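FYI, side chains are in, hydrogens and waters are out, and symmetry mates aren't considered; it's all heavy atoms of this structure. Only a predicted model underlies this, so the values are computations on that prediction, with no experimental measurement involved.
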Amino acid sequence: MSYLTQHFKGKYRIVPELSPESHDVPREEDGTVDKSYDDLYIKCQFGNKIYYYGRGTFVAYIPSIIRGKNILKKLDETNIPYSDPHIYDSEVEFKFKTADMDAVANLLKASSFGADITPYSLKNFPKADVTIPTNKINEYKKIIAAIQKEDLLTFSRFTQSFLSDVLAKKLGRRNKPFDYKSDMKKLMMARQTKEYIYTKNMWDEYLKYLEEKIEKFYKEK
């Protein structure tokens with residue numbers, strides 16, 4: 001368990017630093033997070049971040065020179081110790097100790113919303129700006145209206161089976177299933193299953209699949 005997770009999960013929101021290409025973290029062959037990966041930070045407003053540097057020392061990152069200088073000024077005015085300040089072309093960094101976490105986190109406006117969320121939860125992955133047309137959504141709602149409340153879990157399994165049994169096979173090559181999970185993260189759609197299926201031009205197939213699965217499910221229930 002990382003130092004941030006061990007000491008600050010539940011107090012601040014801790015998220016992973018994602019690759020700008022894959023929008024994901026390094027993973028093992030089985031899809032689990034690479035055991036050596038530990039690039040986490042405390043999420044703050046305005047793109048500010050707090051990283052653990054080691055031995056009770058943290059790094060504060062502010063992607064704005066004006067805001068960064070104002071924070072350094074506040075630290076000086078309130079006699080909060082910090083070290084190794086760096087002012088770059090468009091960002092500011094400095095180090096501080098564990099004892100001053102609350103004060104620095106307050107200045108960087110660290111997020112407490114979602115503090116209990118596991119760092120690698122899909123809730124911490126970005127979302128793409130994709131909108132499914134209203135008429136398409138209405139078709140979807142008409143089909144799922146038959147789903148009873150107690151069967152919602154089964155319904156979610158239908159969607160997952162469509163991804164693995166239909167989409168992955170159709171988009172795969174040479175009998176190798178398509179890695180839709182990595183693709184969803186790359187497209188920033190790890191939390192947008194319906195939108196992802198729509199962007200892959202498989203919406204009509206998806207609705208037909210759901211309709212058949214739902215009908216069969218209630219016939220056999």
Side-chain angles (χ1 to χ4, degrees), residues 1-27 33-34 36-132 182-192 195-196 199:
M1 182 181 291
S2 74
Y3 186 91
L4 284 180
T5 304
Q6 184 177 0
H7 294 276
F8 296 102
K9 185 176 181 292
K11 185 171 185 178
Y12 301 117
R13 187 162 189 169
I14 301 169
V15 302
E17 190 69 67
L18 303 177
S19 161
E21 289 80 27
S22 66
H23 298 290
D24 197 8
V25 298
R27 294 183 180 274
V33 178
D34 187 328
S36 65
Y37 179 80
D38 189 24
D39 197 359
L40 305 175
Y41 64 90
I42 294 175
K43 183 179 181 180
C44 308
Q45 289 186 22
F46 310 118
N48 300 333
K49 302 176 182 180
I50 297 175
Y51 296 91
Y52 182 60
Y53 184 75
R55 297 188 177 183
T57 301
F58 299 83
V59 173
Y61 166 82
I62 305 100
S64 163
I65 290 180
I66 294 175
R67 190 172 291 117
K69 286 183 176 180
N70 286 338
I71 289 174
L72 291 177
K73 183 179 179 181
K74 281 282 187 183
L75 292 172
D76 290 333
E77 291 175 348
T78 53
N79 294 317
I80 297 173
Y82 63 92
S83 63
D84 206 16
H86 291 282
I87 300 176
Y88 302 104
D89 291 339
S90 60
E91 55 196 28
V92 174
E93 289 184 348
F94 62 88
K95 295 175 183 176
F96 65 96
K97 294 294 185 178
T98 305
D100 301 301
M101 171 60 82
D102 289 345
V104 175
N106 184 54
L107 288 173
L108 269 66
K109 300 188 181 303
S111 176
S112 59
F113 177 75
D116 291 320
I117 296 174
T118 301
Y120 302 111
S121 166
L122 290 182
K123 293 179 180 179
N124 284 330
F125 285 71
K127 293 179 66 176
D129 185 13
V130 176
T131 302
I132 302 174
S182 295
D183 191 49
M184 289 177 77
K185 294 187 181 78
K186 185 177 181 178
L187 297 176
M188 297 188 295
M189 301 181 76
R191 295 183 284 157
Q192 297 164 283
E195 289 81 359
Y196 177 72
T199 61

>> Run the side chain to side chain contact (heavy atoms under 4.5 Å, CB included) test on Ile132 and Glu195 for me, step by step, so that the C-alpha distance in whole Å, both residues' side-chain angles and the decisive distance to 0.1 Å come before the verdict.
In response: CA-CA 6 Å; Ile132 302 174; Glu195 289 81 359; 4.1 Å; yes
>> Set out, in order, the CA-CA distance, both residues' side-chain angles and the distance that settles side chain to side chain contact (heavy atoms under 4.5 Å, CB included) for Met189 and Lys127, then state yes or no.
In response: CA-CA 6 Å; Met189 301 181 76; Lys127 293 179 66 176; over 6 Å; no
>> side chain to side chain contact (heavy atoms under 4.5 Å, CB included), that's the test. Do Ile50 and Tyr41 meet it? Break it down for me.
In response: CA-CA 5 Å; Ile50 297 175; Tyr41 64 90; 5.9 Å; no
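Taking 4.5 Å as the limit, some side-chain heavy atom of Leu72 sits within range of a side-chain heavy atom of Tyr82. Using a 4.5 Å heavy-atom cutoff, the side chains of Tyr37 and Asp39 are in contact. With contacts defined as side-chain heavy-atom distances shorter than 4.5 Å, the pair Phe94/Ile62 qualifies. For the pair Pro16 and Asn124, the minimum side-chain heavy-atom distance is below 4.5 Å. Between Arg27 and Val33 there is a side-chain heavy-atom pair separated by less than 4.5 Å. Taking 4.5 Å as the limit, some side-chain heavy atom of Asp100 sits within range of a side-chain heavy atom of Pro81. For the pair Tyr12 and Leu4, the minimum side-chain heavy-atom distance is 4.5 Å or more. For the pair Glu93 and Ile87, the minimum side-chain heavy-atom distance is 4.5 Å or more.
Counting non-hydrogen atoms of other residues, nucleotides and ligands closer than 6.0 Å to CG of Asp129 gives a total of 12 or fewer. Summarising the local packing, NZ of Lys9 is surrounded by more than 12 heavy atoms from other residues, nucleotides or ligands at distances under 6.0 Å.
Looking at Arg67 and Asn48, their side chains never bring a donor and an acceptor atom within 3.5 Å of each other. A donor-acceptor pair shorter than 3.5 Å can be found between the side chains of Asp183 and Tyr196. Residues Lys185 and Ser22 have side chains that never bring a donor and an acceptor to within less than 3.5 angstrom of each other.
The structure places CG of Leu40 at 13.0 Å from CZ of Phe8, a figure rounded to the nearest 0.5 Å. Ser2 OG to Ile14 CD1: the interatomic distance, rounded to the nearest 0.5 Å, is 6.0 Å. One distance of note links CD1 of Ile71 with CG of Asp76; it measures 12.0 Å at 0.5 Å rounding. Once rounded to the nearest 0.5 Å, the distance linking CZ of Arg191 with CE of Met184 reads 11.0 Å. To the nearest 0.5 Å, atom CG of residue Leu18 and atom CE of residue Met188 are 10.5 Å apart. Atom CD1 of Ile80 is separated from atom NZ of Lys97 by 16.0 Å, given to the nearest 0.5 angstrom.
Screening residues 41-62 for salt bridge (charged side-chain N to carboxylate O under 4.0 Å, His left out) gives Glu17-Lys49 as the qualifying pairs, with residues at least two apart or on separate chains.
Judged as a side-chain hydrogen bond (donor to acceptor under 3.5 Å, both in side chains), and not counting sequence neighbours, Thr199 has no contacts. Considering only residues two or more places apart in sequence or on other chains, His86 meets the side-chain contact (heavy atoms from CB on, under 4.5 Å) condition with Asp84, Tyr88. Remark: Glu21 pairs with Ser19 by the side-chain contact (heavy atoms from CB on, under 4.5 Å) rule, at least two apart or across chains. The side-chain hydrogen bond (donor to acceptor under 3.5 Å, both in side chains) search around Glu91 returns Tyr61, not counting sequence neighbours.
Taking the six-membered ring where the residue is Trp, the centroids of Phe58 and Tyr52 are separated by under 6.0 Å.
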Name each donor-acceptor pair under 3.5 Å that joins a side chain in residues 105-123 to protein atoms two or more places apart or in another chain, with its distance.
{"from": "Ser111", "atom 1": "OG", "to": "Phe113", "atom 2": "N", "distance (Å)": "3.4"}
{"from": "Ser111", "atom 1": "OG", "to": "Phe113", "atom 2": "O", "distance (Å)": "3.4"}
{"from": "Ser121", "atom 1": "OG", "to": "Lys123", "atom 2": "N", "distance (Å)": "3.1"}

